[in-house]
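Working notes for the structure below.
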Amino acid sequence: MKTTFLVLSAIFIVLIGACCIFLKKKKSDIARILLALNLNGIFSIIFYSLSLVQTKETSAYVLSSLYYASIHWIVIFFLNFVFELAEINRRKKLILNFARVWGIFILYDTISLLLNTVFHNIFTLNPFYSDGSLFYWAPSYHTPFTLHLLFCYILVILSITVLTVKAVTTNKFYRQKYISVVSVFVFVIIINAGFLLTKMQLDFSMLFYSSLSLTATYFTIFSLPRRIENTMMQLVSENLNNAIICFDDEKKCIYSNKSAGLYFPSPSEIKNELDDLLNLHRELIIRNINLKKDGQEITLAEEFSYMKDANDKLLGYSIRLSDITEELKAVKEEQHHSTHDALTSLLNRESFYLEAESIIRNDPDTKRCLICTNISSFKLINDLFGSHFGDELLKHQAKVLTEQGIPDALLGRISGDHFAILIKKEYFNHDQFLEIIEKIQSFTAEVNYRLHVFMGVYEISDPYEKVSSMYDKAHLAIKNISENYAVSIAWYDTKLLAALLETKNIIAAFEDSLADGQFKMYLQPQINTSTEKIIGAEALVRWIHPEKGILNPSSFVPVLEETGYLYKLDKYIWTLAAKTLAKWQKLGLNHYIAVNISARDFYHVDIYKVFTSLINEYEIDPSLLRLEITETVLMHDLYMHKKILSQLQEAGFIIEMDDFGSGYSSLNMLKNVNIDVLKIDMTFLQQTKNEERSKTILRSIVKMVKELNIKVIAEGVEEPAQAEYLKALGCDVFQGFLYSKPVSVRDFEAILREKEI
């Protein structure tokens, strides 16, 4: 058995030696580390083999100690190899610190093993005889030997952990590189552990330890790189969309890949293509060609060139083909998308303006009209029927406009539901455009919704005016009729421009006026129907303009709402209300103020955060700062608004619903939203000739609401008879000119003092 072992050891030494010579020629870092690992493997085999044939005990001890120390060094060199393989060597600081710490352990282990030659405290060697002669030295391990094993196995576990983590986290394509190495390493460790536990006469496992360097070299330098390279080449070949064809100097096809066969299925077709290219008598040809494939025409980018050696001698020819059909299609689509609307395929705003400007200025003498279209309450349509329905409506509108066959008409989608049409004035036919409107409105007939489409017409007077300005004027004409469903088409006139300028003036002056305190909070008292005493007020706003005097909200609120500035004004009034309540609270007044929240406030500010911050900052009772919303607020995003209102109610706020009955689904709102107070406007009775019918409906509403434990405020009360009737119905609170118009905070407080309330 010993002879067999020594023969195997000699073979391994030769193999590892040859591997070292090969690695010495390599210049890479991994080769340098593997060289150190292989050399250490040779030393461990030599030390163990010589220890077996020694007859002197001292020599056997020295060689055995060197062998065990070399195993520790093999493991540390293998860990160094693992760091390099897993690219942890990039963390140089971490590796250096580890090397410094472990250097102490390995130095201690090596010195301890060498001192064992004298003290025999780690292991002892017992002679084993066969046929009366010394066969080998059998080691007996003592407790300190466990420390040597511990040092080695810590490195073993660290190596396995690094390789395993890398195998799990790395790309699947490279995973085999780490799995192969860790598998061999684990196998060697298991073999070594088996020999240690079974205490066999000869430790064949040391050959496996030493051969670890061979397997690491094989997988790292030879097998896995070639396997990865071959797999890479295979993947490239399989996924290469380019067709490659090579010919020798006698025009014989010597190579063509799979893609080439898709374009030129037969050898004769390949030869004909080469002949056509050679007939052009150019050494380099780059062109596009069209072919038919599967019944469809495709475009190929073709590159033909001569292949020559270093001496400029002709070796052959090459053709490279790539399918650029989709690329050309994508370029065309990209060009189309850059100038056209994705949903309707009409010109987008920028392209419409440019094209219209070119048409108008190239022929300035021709009279033209710019027409703007608008769908009334388009957002409501999206809310009621879904955005997909709204998109289909817009596509239907684009189709109707396109199919009308208006001569020389230029169409574009400017934004949302706003379309623009540029036509010659002579082609504008009022009846025809009414017919277009009817066709567009017919889209919602199946869902029993009456659609209203408006058109604004601007007759171009100055061909050098900006097209965007022309469009604004046409759109301004629509605003003049947007509330009149009996009229669908309106022409722009200079009065509309004056209104537009007024709007711009309001916007321009708003920020400074707000900062200067020109906006004031007015209060309209609310009266308890039982006690006829003031219990609170609704906060309203007035603009005290330094030149124009007191401006009614109707003159500026719609402008601010449309331009997105209203939320700033609302926050300002909310803050004034909170300050006023804090002052009243100190005076012992327990009156509430109801403030209005518009639909757009929910999208500009965090309603819950703003109001909870106000009551915390001014230390007021949240039930005294009432929040008044309209039914239309809830219709835009019921789920979001319902959630926010519920949170506010939990915080102690009282929620009032104003304008009940003005929306599309009042009863549904009452069912889904938990409000505290309902406000009914007395214009409900004034807007119909059948007053008795209205009273019946009003009576039913009040009864129903009272059964839901919701308080009722009647606003717009102007006559004593109205008050008596509403009190009999069960209304809780009155608000109206019968009691007081909206007044300043100072006047409101004066009223309170006067009536000693």
Side-chain angles (χ1 to χ4, degrees), residues 32-52 54 56-84 86 88-89 91-126 137-163 185-186 188-197 199 203 205-210 212-213 216:
R32 177 179 53 79
I33 294 170
L34 285 170
L35 177 60
L37 181 61
N38 277 274
L39 287 173
N40 207 75
I42 292 176
F43 290 141
S44 66
I45 295 175
I46 292 174
F47 292 148
Y48 187 70
S49 299
L50 290 177
S51 72
L52 294 178
Q54 287 297 317
K56 294 182 179 181
E57 184 179 23
T58 302
S59 298
Y61 266 107
V62 172
L63 291 167
S64 295
S65 296
L66 289 172
Y67 160 66
Y68 288 123
S70 69
I71 295 299
H72 194 163
W73 283 96
I74 284 178
V75 178
I76 191 68
F77 280 130
F78 184 78
L79 179 62
N80 192 22
F81 159 72
V82 167
F83 284 160
E84 182 68 27
I88 299 180
N89 60 317
R91 303 175 184 175
K92 291 183 179 179
K93 188 174 181 180
L94 177 66
I95 301 300
L96 284 173
N97 290 335
F98 174 79
R100 287 168 185 160
V101 173
W102 202 261
I104 299 172
F105 292 137
I106 197 168
L107 183 63
Y108 166 80
D109 188 43
T110 302
I111 293 172
S112 298
L113 287 168
L114 291 175
L115 290 175
N116 183 73
T117 305
V118 178
F119 298 108
H120 301 172
N121 61 317
I122 297 178
F123 65 88
T124 54
L125 295 177
N126 304 309
W137 295 91
S140 295
Y141 304 114
H142 305 314
T143 302
F145 187 76
T146 306
L147 189 59
H148 164 74
L149 291 177
L150 178 63
F151 288 155
C152 291
Y153 277 106
I154 287 174
L155 297 177
V156 166
I157 293 170
L158 183 56
S159 298
I160 293 173
T161 301
V162 171
L163 289 170
F185 188 48
V186 170
V188 170
I189 298 303
I190 292 173
I191 295 296
N192 175 254
F195 272 92
L196 288 174
L197 292 173
K199 299 180 180 180
D203 188 2
S205 68
M206 60 82 50
L207 292 177
F208 288 95
Y209 253 122
S210 301
L212 184 63
S213 59

[atom1] of [X] to [atom2] of [Y]: how many Å apart, nearest 0.5 Å?
| X | Y | atom1 | atom2 | result |
| --- | --- | --- | --- | --- |
| L63 | T58 | CG | OG1 | 11.0 Å |
| S112 | N121 | OG | CG | 7.5 Å |
| I76 | S159 | CD1 | OG | 8.0 Å |
| N80 | W73 | CG | CH2 | 11.0 Å |
| S70 | L39 | OG | CG | 12.5 Å |
| I122 | S65 | CD1 | OG | 7.0 Å |

Please name all residues satisfying side chain to side chain contact (heavy atoms under 4.5 Å, CB included) with [X], sequence neighbours left out, ordered by chain then number.
| X | answer |
| --- | --- |
| L158 | L79, F83, F98, V162 |
| L66 | F47, V62, L114 |
| A60 | Q54, L125, W137 |
| I160 | V156, T164, V182, F185, V186 |

message: I104 vs L107, test: side chain to side chain contact (heavy atoms under 4.5 Å, CB included). Steps then yes/no.
response: CA-CA 5 Å; I104 299 172; L107 183 63; 5.9 Å; no

message: Restricting to ring pair (Phe, Tyr, Trp, His ring centres under 6.0 Å), what partner residues turn up for H142, sequence neighbours left out?
response: none

- line: For Y108, the ring pair (Phe, Tyr, Trp, His ring centres under 6.0 Å) test, sequence neighbours excluded, returns none

message: Counting only heavy atoms not in F151 (residues, nucleotides, ligands), do more than 12 fall under 6.0 Å from its CZ?
response: yes

Report the residues that fulfil side chain to side chain donor-acceptor pair (under 3.5 Å) with [X], sequence neighbours left out, ordered by chain and then residue number.
| X | result |
| --- | --- |
| T117 | none |
| S140 | N126 |
| H148 | D109 |

Evaluation steps, side chain to side chain contact (heavy atoms under 4.5 Å, CB included), between F145 and Y68: CA-CA 10 Å; F145 187 76; Y68 288 123; 4.0 Å; yes

field: Y61 and F123 aromatic ring geometry - parallel, tilted or perpendicular at 30°/60° bounds
entry: parallel

